[in-house]
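Residue indices begin at 1 and follow the sequence shown. Keep in mind that this is a model prediction, so the values were computed, not measured.
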Amino acid sequence: MDNTTIKVGGMSCQGCVKNVTGVLQALDGVAEVEVSLEAAQARVSFDAGKVDRPALCAAIEDAGFDAE
């Protein structure tokens, strides 16, 4: 498993955290997601053979948030 931390912009409440968590968990190959509103980031464990960091960022952006 690979791990990455993605800065997430635009989250303002726990509903946003649940939204970001949900879109990441829905991706094939994602094993674990930990989203922090306070730190404005998402820590993701994933199978690099199934999904890559740009796809994780794209999923966050498609949900209406900024991802770096």
Side-chain angles (χ1 to χ4, degrees):
M1 282 292 158
D2 286 356
N3 296 295
T4 190
T5 300
I6 301 168
K7 291 185 187 228
V8 182
M11 294 191 300
S12 59
C13 64
Q14 287 302 316
C16 296
V17 170
K18 287 179 94 169
N19 192 352
V20 171
T21 301
V23 298
L24 290 171
Q25 287 177 334
L27 295 173
D28 186 35
V30 172
E32 189 176 338
V33 177
E34 183 181 317
V35 180
S36 171
L37 178 61
E38 295 77 20
Q41 68 182 23
R43 288 186 15 209
V44 187
S45 295
F46 63 99
D47 179 346
K50 294 184 177 180
V51 68
D52 58 12
R53 193 176 194 282
L56 299 172
C57 291
I60 294 170
E61 290 172 353
D62 287 348
F65 301 95
D66 296 322
E68 291 182 32

Q: Count the heavy atoms belonging to other residues, nucleotides or ligands that lie under 6.0 Å from CZ of Arg43, then report whether that count exceeds 12.
A: no
Q: Go through the steps for Asp28 and Val51 under the test side-chain contact (heavy atoms from CB on, under 4.5 Å), then give the verdict.
A: CA-CA 7 Å; Asp28 186 35; Val51 68; over 6 Å; no
Q) So which heavy atom on Ala48 is nearest to which on Asp2, and how close? A) CB-OD2, 3.1 Å
Q.
As an exercise, state the distance from CE of Met11 to SG of Cys16, rounded to the nearest 0.5 Å.
A. 7.5 Å
Q.
Distance check, rounded to the nearest 0.5 Å: Cys57 atom SG versus Asp62 atom CG?
A. 11.0 Å
**Q.** Gap separating the CD atom of Glu68 from the CD atom of Gln41, nearest 0.5 angstrom
**A.** 12.0 Å
Q. Which atom names give the shortest non-hydrogen contact between Leu24 and Val30, and what distance separates them?
A. O-CG2, 3.3 Å
(Q) Just verifying a value: how many Å separate Ile60 CD1 and Lys7 NZ, rounded to the nearest 0.5 Å? (A) 13.0 Å
**Q.** Heavy-atom closest pair, residues Ala67 and Ile6
**A.** CB-CG2, 3.9 Å
**Q.** Val33 to Gln25 - nearest heavy-atom pair and separation
**A.** CG2-CG, 3.7 Å
Q) Taking all non-hydrogen atoms of both residues, which atom of Leu27 and which atom of Ala59 are closest, and how far apart? A) CD1-CB, 3.8 Å
Q.
Could you report the tightest heavy-atom contact between Asp52 and Phe46, atom names first, then the distance?
A. CA-CE1, 4.3 Å
